[in-house]
Amino acid sequence: MSDSISVSVQTRINAPLGTAWQVLTDFGSYRTWHPILTLESHAGPLAVGTLLRGQSSGGPAGEQPVAFTVTRVQEPNHLAWTGGDPEVVAGRHSFQLEQLADGATEFIESEVFTGPAAPEVIGGQLPALHAAYETFAAAFKKRVEEGVS
């Protein structure tokens with residue numbers, strides 16, 4: 001896959017796995033903690049094929065509509081979705097949560113960008129993209145830890 005670019009971050013969250021999963025899958029609350037992503041609430045069971053819609057305010061174009069299709073749900077450890085245009089640039093975004101022996105949770109967020117324009121469009125932005133993902137992970141950590149009494 002020579003046309004793929006990836007970014008990944010990981011952080012330790014001082015909260016139980018179940019609390020992290022609840023925050024991750026409460027899409028309607030993203031607006032309260034996520035720096036650039038606002039998603040609509042999702043009713044019903046979360047399953048492969050679920051369409052998530054919202055707005056992204058990151059990037060030079062300002063606020064843009066987004067739509068993601070859920071590609072993996074393995075409660076409470078894995079969630080993945082895809083978005084974009086496979087003919088240009090598409091992203092497969094994944095979240096992994098693992099319970100640690102001390103009760104904390106390891107959080108790994110990653111995205112693989114593919115498509116013919118991925119190296120050109122994403123490649124030059126990789127350092128800024130990694131910094132943005134670090135910001136997302138820190139915001140998620142803060143929100144999850146706030147939910148622990």
Side-chain angles (χ1 to χ4, degrees), residues 4-86 89-115 118 121-149:
S4 70
I5 303 282
S6 63
V7 62
S8 182
V9 297
Q10 106 181 45
T11 192
R12 174 190 168 89
I13 298 173
N14 297 311
L17 177 68
T19 303
W21 180 261
Q22 184 178 16
V23 171
L24 182 64
T25 57
D26 183 4
F27 304 116
S29 292
Y30 273 41
R31 71 188 79 227
T32 66
W33 62 267
H34 198 287
I36 68 163
L37 188 60
T38 299
L39 292 174
E40 297 171 3
S41 293
H42 169 72
L46 185 59
V48 171
T50 298
L51 184 62
L52 304 173
R53 294 184 184 275
Q55 300 285 323
S56 174
S57 61
E63 194 165 293
Q64 296 289 311
V66 293
F68 307 116
T69 302
V70 173
T71 58
R72 182 176 185 194
V73 179
Q74 185 182 359
E75 184 177 344
N77 300 102
H78 300 280
L79 175 66
W81 63 54
T82 59
D85 180 352
V89 177
R92 183 174 194 276
H93 204 115
S94 63
F95 305 91
Q96 182 175 343
L97 300 165
E98 294 297 331
Q99 188 74 60
L100 301 175
D102 64 0
T105 301
E106 180 179 56
F107 172 66
I108 302 169
E109 180 178 12
S110 58
E111 188 158 10
V112 177
F113 297 92
T114 58
V121 173
I122 304 297
Q125 300 176 25
L126 204 51
L129 192 59
H130 188 268
Y133 275 64
E134 290 283 354
T135 300
F136 304 159
F140 180 69
K141 172 184 172 72
K142 180 179 181 206
R143 175 62 188 99
V144 172
E145 290 178 352
E146 286 173 351
V148 176
S149 324

Item to check | Heavy-atom check, side chain of Gln55 versus side chain of Val66, under 4.5 Å | outcome: no

Item to check | Sole candidate of Tyr133, Trp81, Phe140 that passes ring-ring contact (aromatic ring centres under 6.0 Å, His included) when paired with Phe95 | outcome: Trp81

Item to check | Ile13 side, atom CD1; Leu97 side, atom CG - distance, nearest 0.5 Å | outcome: 6.5 Å

Item to check | Close side-chain approach of Leu39 to Phe68, heavy-atom, < 4.5 Å | outcome: yes

Item to check | Among Gln96, Glu134, Glu106, side-chain hydrogen bond (donor to acceptor under 3.5 Å, both in side chains) partner for Gln10 | outcome: Glu106

Checklist outcome for this item: dist Glu111:CD -> Ile122:CD1 (nearest 0.5 Å) comes out at 8.0 Å

Checklist outcome for this item: Here the gap from Phe113 atom CZ to Leu126 atom CG, rounded to the nearest 0.5 Å, amounts to 8.5 Å

Show every donor-acceptor pair shorter than 3.5 Å between a side-chain atom in residues 20-28 and any protein atom, with sequence neighbours excluded, or say none if there are none.
unit_1	atom_1	unit_2	atom_2	d
Thr25	OG1	Trp21	O	2.9
Asp26	OD1	Ser29	OG	3.4
Asp26	OD2	Ser29	OG	2.8

Checklist entry - Which pairs count as side-chain hydrogen bond (donor to acceptor under 3.5 Å, both in side chains) when at least one residue sits in residues 70-80, sequence neighbours excluded? => result Arg72-Gln74

Item to check | Flag if over 12 foreign heavy atoms under 6.0 Å of CZ, Arg53 | outcome: no

Checklist entry - Would you call Val112 and Thr114 a side-chain contact if the rule is heavy atoms closer than 4.5 Å? => result yes

Next on the checklist: Could you go through Thr105 and Val144, starting from their C-alpha distance and side-chain angles, then the distance that decides it, and tell me whether this counts as side-chain contact (heavy atoms from CB on, under 4.5 Å)?
Outcome noted: CA-CA 10 Å; Thr105 301; Val144 172; over 6 Å; no

Checklist outcome for this item: Between Pro35 and Phe136 the two heavy atoms that sit nearest each other are CG-CD2, 3.9 Å

Next on the checklist: When you measure from the side chain of Gln99 to the backbone of Leu17, do you find a donor-acceptor pair of N or O atoms at a distance under 3.5 Å?
Outcome noted: yes

Checklist entry - Where do Asn14 and Ala104 come nearest, in terms of heavy atoms and distance? => result OD1-CB, 4.1 Å

Next on the checklist: To the nearest 0.5 Å, what is the distance between CZ on Arg31 and OG on Ser41?
Outcome noted: 6.5 Å

Checklist entry - If you measure from CD on Glu146 to NZ on Lys141, what distance do you get to the nearest 0.5 Å? => result 11.5 Å

Next on the checklist: Can you give me the closest heavy-atom contact between Ala137 and Val9, atom names plus distance?
Outcome noted: CB-CG2, 3.9 Å

Next on the checklist: Give me the atom names and distance for the closest heavy-atom approach of Val7 to Leu129.
Outcome noted: CG1-CD2, 4.2 Å

Checklist entry - Hey, does Glu63 have a side-chain heavy atom less than 4.5 Å from the side chain of Ser56? => result no

Checklist entry - Is it the case that Thr69 and Thr82 place a side-chain donor and acceptor less than 3.5 Å from each other? => result no

Item to check | Side chain Gln125, main chain Val121, donor-acceptor under 3.5 Å | outcome: yes

Next on the checklist: Just verifying a value: how many Å separate Arg12 CZ and Leu100 CG, rounded to the nearest 0.5 Å?
Outcome noted: 6.0 Å

Checklist entry - Taking all non-hydrogen atoms of both residues, which atom of Leu51 and which atom of Ala67 are closest, and how far apart? => result CD1-CB, 4.2 Å

Checklist entry - What closest approach, in Å, do Val89 and Ala118 show between heavy atoms, and which atom pair accounts for it? => result CG2-N, 3.6 Å

Checklist entry - Does Leu52 reach the side chain of Tyr30, with side-chain heavy atoms less than 4.5 Å apart? => result no

Item to check | Test side chain to side chain donor-acceptor pair (under 3.5 Å) applied to Glu109 - qualifying residues, sequence neighbours left out | outcome: His93

